[in-house]
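Data first, discussion second: the structure below is written as structure tokens.
Index from 1, following the sequence.
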Amino acid sequence: MAVDTTFAGRVYPPGDVYVVSREKIREFAEATGATHPAHSDVAAARALGHPDVVAPPTFAVVIAQRTEAAYVDDPAAGVDFSRVVHADERFTHRRPLHAGDRVVPTLHVDAVTLRGGLAMVTTRVEIADESGAPVATVVSTLAVRPEEDA
């Protein structure tokens, strides 16, 4: 099944509230080699003016990927994740993510284009706090390779 280009422009309903936890921040920091003490030590984070441990800037991808599953896992979208190559990821932060934050992500499928057999899919996840104030934006571009016999 080919990637359905008519999904371009689709906006999904806001996702479930994601609660940012100290443990998730610590795990992510460790996995990505982010060694600043503010990612794991509350006192170090507070000494820098943060209310709690602060997530590395790329932590927002954890929230974005969970949210993108609504699109990627939809059989009608035609995205075979085993054929996906990650092409680009961009982050825009309005403020850092901290342990204790409760954020709401909203998924936008900004573009689905075909280029020489590849489907190029660009998604955008807008992350806001529960009051609706913007926190971060994650823009991802995926290249979906065609089936071998297509």
Side-chain angles (χ1 to χ4, degrees), residues 1-36 38-40 45 50 52-150:
M1 173 186 234
V3 175
D4 187 340
T5 59
T6 67
F7 275 69
R10 187 172 290 195
V11 179
Y12 287 74
D16 293 334
V17 171
Y18 182 90
V19 180
V20 179
S21 74
R22 286 179 183 163
E23 190 58 30
K24 288 291 183 189
I25 290 173
R26 285 185 186 118
E27 289 171 353
F28 186 86
E30 183 178 312
T32 59
T35 59
H36 195 284
H39 302 313
S40 59
H50 297 287
D52 208 314
V53 294
V54 61
T58 55
F59 179 84
V61 76
V62 171
I63 301 163
Q65 286 182 338
R66 285 179 172 221
T67 306
E68 291 164 345
Y71 166 68
V72 172
D73 294 344
D74 182 345
V79 177
D80 176 353
F81 203 72
S82 71
R83 298 187 172 289
V84 167
V85 176
H86 192 259
D88 188 40
E89 194 96 61
R90 288 175 280 141
F91 300 87
T92 302
H93 293 278
R94 282 133 193 114
R95 69 162 180 83
L97 285 161
H98 301 101
D101 281 347
R102 296 173 55 85
V103 295
V104 179
T106 302
L107 171 64
H108 302 255
V109 180
D110 286 343
V112 182
T113 57
L114 301 177
R115 295 183 186 164
L118 278 178
M120 300 298 291
V121 177
T122 301
T123 61
R124 173 173 41 97
V125 176
E126 297 289 349
I127 301 170
D129 67 19
E130 287 185 296
S131 75
V135 175
T137 301
V138 181
V139 177
S140 300
T141 301
L142 304 176
V144 184
R145 295 177 292 120
E147 293 183 28
E148 306 303 328
D149 57 359

By side-chain hydrogen bond (donor to acceptor under 3.5 Å, both in side chains) - contacts of Asp110 (at least two apart) = Arg124
Heavy-atom pair with the smallest gap, counting every atom of Pro105 and Val125 | CB-CG1, 3.8 Å
Could you list all the salt bridge (Lys or Arg N to Asp or Glu O under 4.0 Å) pairs where at least one residue sits in residues 133-142, not counting sequence neighbours?
-> none
Non-neighbouring partners of Thr137 that pass side-chain hydrogen bond (donor to acceptor under 3.5 Å, both in side chains), sequence neighbours left out | Arg94, Glu126
Mind checking what makes side-chain contact (heavy atoms from CB on, under 4.5 Å) contact with Ala55, not counting sequence neighbours?
-> Ile25, Phe59, Leu97
Arg95: partners by side-chain contact (heavy atoms from CB on, under 4.5 Å), with sequence neighbours left out = His98, Asp101, Asp129, Val135
Exercise: identify the closest heavy-atom pair between Pro96 and Val54 = CB-CG2, 3.5 Å
Which atom names give the shortest non-hydrogen contact between His39 and Val53, and what distance separates them?
-> O-CB, 3.9 Å
Could you walk me through whether Val112 and Met120 pass the side chain to side chain contact (heavy atoms under 4.5 Å, CB included) test, one step at a time?
-> CA-CA 6 Å; Val112 182; Met120 300 298 291; over 6 Å; no
Sub-4.5 Å side-chain heavy-atom contact between Val139 and Glu89 = no
For Ala70 and Asp74, the nearest pair of non-hydrogen atoms, with its separation, is O-CB, 3.6 Å
Over 12 non-hydrogen atoms of neighbours within 6.0 angstrom of CD in Glu30 = no
Provide the full list of side chain to side chain donor-acceptor pair (under 3.5 Å) pairs with a residue in residues 55-73, sequence neighbours left out, each pair given once.
-> Glu68-Thr123, Glu68-Ser140
For the student: nearest non-hydrogen atoms of Asp4 and Ala76, plus distance | CB-O, 3.6 Å
Residues in salt bridge (Lys or Arg N to Asp or Glu O under 4.0 Å) with Asp80, at least two apart?
-> Arg83
With sequence neighbours left out, the residues meeting side-chain contact (heavy atoms from CB on, under 4.5 Å) with Ala31 are none
Please name all residues satisfying side-chain hydrogen bond (donor to acceptor under 3.5 Å, both in side chains) with Thr106, sequence neighbours left out, ordered by chain then number.
-> none
Hey, what's the ring geometry for His93 with Phe91, parallel, tilted or perpendicular (30° and 60° as the breaks)?
-> parallel
How far apart are the closest heavy atoms of Ala34 and Pro56, and which atoms are they?
-> CB-CG, 3.9 Å
Partner set under salt bridge (Lys or Arg N to Asp or Glu O under 4.0 Å) for Asp88, not counting sequence neighbours | Arg90
Pairs touching residues 13-28 that satisfy side chain to side chain donor-acceptor pair (under 3.5 Å), sequence neighbours left out | Arg22-Asp52
Who passes salt bridge (Lys or Arg N to Asp or Glu O under 4.0 Å) against Arg145, sequence neighbours left out?
-> none
